2 protein chains.
Amino acid sequence: MNDRKTQIIKHSVELVKKYGYDSFSYADISKDFGITKATIHHHFPKKDDLGLEICYYIHENMLTAFDKILSENTPAKKKIQEYIALYANMIDEGDKICPIASLQAESNIISEKMKKEVCTIDDLENMFIEKLLHLGIQSKEFTITGNIKYEAILITSALKGALMYARIHGEENYEMISKQLLMRLNI
Amino acid sequence: MNDRKTQIIKHSVELVKKYGYDSFSYADISKDFGITKATIHHHFPKKDDLGLEICYYIHENMLTAFDKILSENTPAKKKIQEYIALYANMIDEGDKICPIASLQAESNIISEKMKKEVCTIDDLENMFIEKLLHLGIQSKEFTITGNIKYEAILITSALKGALMYARIHGEENYEMISKQLLMRLNI
DNA sequence: GTCTATACAAAGATAGAC
DNA sequence: GTCTATCTTTGTATAGAC
């Protein structure tokens with residue numbers, strides 16, 4: 001619809017991945033697109049308006065990516081590896097981390113509305129992984145010891161942590177850490 | 001030792017754990033201690049000076065905690081649990097995460113000097129865990145599949161991620177996630 | 001939708017007095 | 001070591017013209 005509006009949201013997600021929500025400004029977007037700050041305020045009166053749209057965008061993007069992975073006729077192991085590859089792309093883009101990890105780290109800064117959205121996205125991601133784990137168990141690709149729900153949360157949390165580590169210490173670390181994480185599933 | 005300067009550093013570490021480095025200000029410290037911003041600038045002319053001292057303080061604190069755990073005549077399993085409890089304390093303090101995770105999330109905001117210090121602290125923590133893993137293997141308390149170095153990095157990264165998750169979703173999650181993480185070591 | 005202009009507060013920082 | 005006072009820059013935000 002509103003091309004410029006979507007353009008700003010997309011770019012803002014990248015800024016969150018690189019600098020965090022509180023540390024990027026309307027001035028940054030202004031420079032990057034060659035428009036004035038006032039124009040951005042026209043589309044998003046308050047920064048929190050933009051912040052919420054950022055969350056919604058991440059949410060929708062995630063749904064699309066997960067639906068694609070689920071729809072493919074592939075074994076659970078392959079689906080999990082595709083999920084892990086989604087994260088890897090963020091480092092390749094240059095100096096970025098998971099936008100949700102970034103917002104989690106700023107949870108005492110963002111509005112209650114944004115916080116709630118972050119929680120919803122977290123739940124979505126964890127339920128997706130839980131689903132993949134159940135798939136793999138059913139197809140006897142692997143077994144899970146302990147609690148499946150928390151195994152899922154462990155996987156998503158560990159990958160977010162791994163991405164932050166790899167951004168500073170070298171992107172090659174992400175692959176090594178994720179490989180080690182999946183070792184318990186014999187993947 | 002317990003002079004104003006140290007007092008400011010200690011408090012700043014807590015602010016980093018709660019809000020992040022970029023999102024806390026001299027004005028915050030000023031209010032909390034009832035002193036002016038100028039006084040803080042007297043102790044730390046630039047914010048980066050304070051930032052570095054924050055890193056050094058975290059570094060030293062970590063060394064002390066790790067030395068204590070290593071010096072005790074306890075099995076490796078117990079030592080790992082003590083390490084995990086160190087993290088748990090941060091949530092108990094109220095709404096806080098690992099200060100290093102916070103700085104990692106802001107790695108494109110902080111100075112090169114601070115970034116280097118964060119890396120050093122990361123290495124220190126990972127080597128500590130690696131040591132505990134070797135101890136446990138030697139004493140036949142558990143076995144490790146895969147790469148021990150990356151198992152250590154996985155543990156530290158996962159716990160940082162788990163802490164961020166638990167801050168938003170409820171502190172009880174930290175225990176559940178860490179329990180699931182250690183399941184592979186049969187702890 | 002985009003601009004200029006402007007307001008207003010906050011953040012980092014400095015000079016100089018006590 | 002702490003203060004008052006001041007400065008600069010940046011960030012968020014609004015009003016009104018084109």
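Order of the sequence lines sets the chain letters (A, B, ...), proteins ahead of strands, with each chain counted from 1. As the structure is a prediction and not an experimental result, all values here were calculated from the model. Just so it is clear, the values below take in all heavy atoms, side chains as well, and ignore hydrogens, waters and symmetry mates.
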Is A/K149 paired with A/E130 through a side-chain N to carboxylate O contact shorter than 4.0 Å? no
Would you check, one step at a time, whether the test side-chain contact (heavy atoms from CB on, under 4.5 Å) holds for A/E93 with A/K17? CA-CA 10 Å; A/E93 286 167 14; A/K17 291 199 268 185; 3.1 Å; yes
Which residues in residues 32-44 of chain B have at least one heavy atom lying under 4.0 Å from any atom of DNA chain D? B/G34, B/I35, B/T36, B/A38, B/T39, B/H42, B/H43
Which Ile, Leu, Val, Met, Phe, Trp or Tyr residues join A/M164 in one cluster when any pair of side-chain heavy atoms under 4.5 Å counts as a link? A/I97, B/I97, B/M164
Taking the six-membered ring where the residue is Trp, are the ring centres of A/F24 and A/Y19 under 6.0 Å apart? no
Got B/F66 and B/K131 here, is their nearest side-chain heavy-atom distance under 4.5 Å? no
Between A/E106 and A/K115, is the closest basic N to carboxylate O distance under 4.0 Å? no
5' priority, DNA chain D, between A/K46 and A/A27 [closest heavy atom]: A/A27
Would you please name every residue forming a side-chain contact (heavy atoms from CB on, under 4.5 Å) with A/H169, sequence neighbours left out? A/Y165, A/N173, B/C119, B/D122, B/D123
Under 4.5 Å between any side-chain heavy atoms of A/L52 and A/F44, yes or no? no
From CD1 of B/I29 over to C1' of C/dA10, roughly how many Å is that when rounded to an integer? 15 Å
Could you walk me through whether B/M62 and B/F128 pass the side-chain contact (heavy atoms from CB on, under 4.5 Å) test, one step at a time? CA-CA 10 Å; B/M62 196 175 266; B/F128 168 71; over 6 Å; no
Mind listing the residues from residues 99-110 of chain B sitting with a heavy atom below 4.0 Å of DNA chain C? Number order is fine. none
For a 4.0 angstrom threshold against heavy atoms of chain A, report the outermost contacting nucleotides of DNA chain D in 5' to 3' order. D/dG11 to D/dA15
Listed once per pair and sorted, the salt bridge (Lys or Arg N to Asp or Glu O under 4.0 Å) pairs that draw on residues 76-87 of chain A, sequence neighbours left out: none
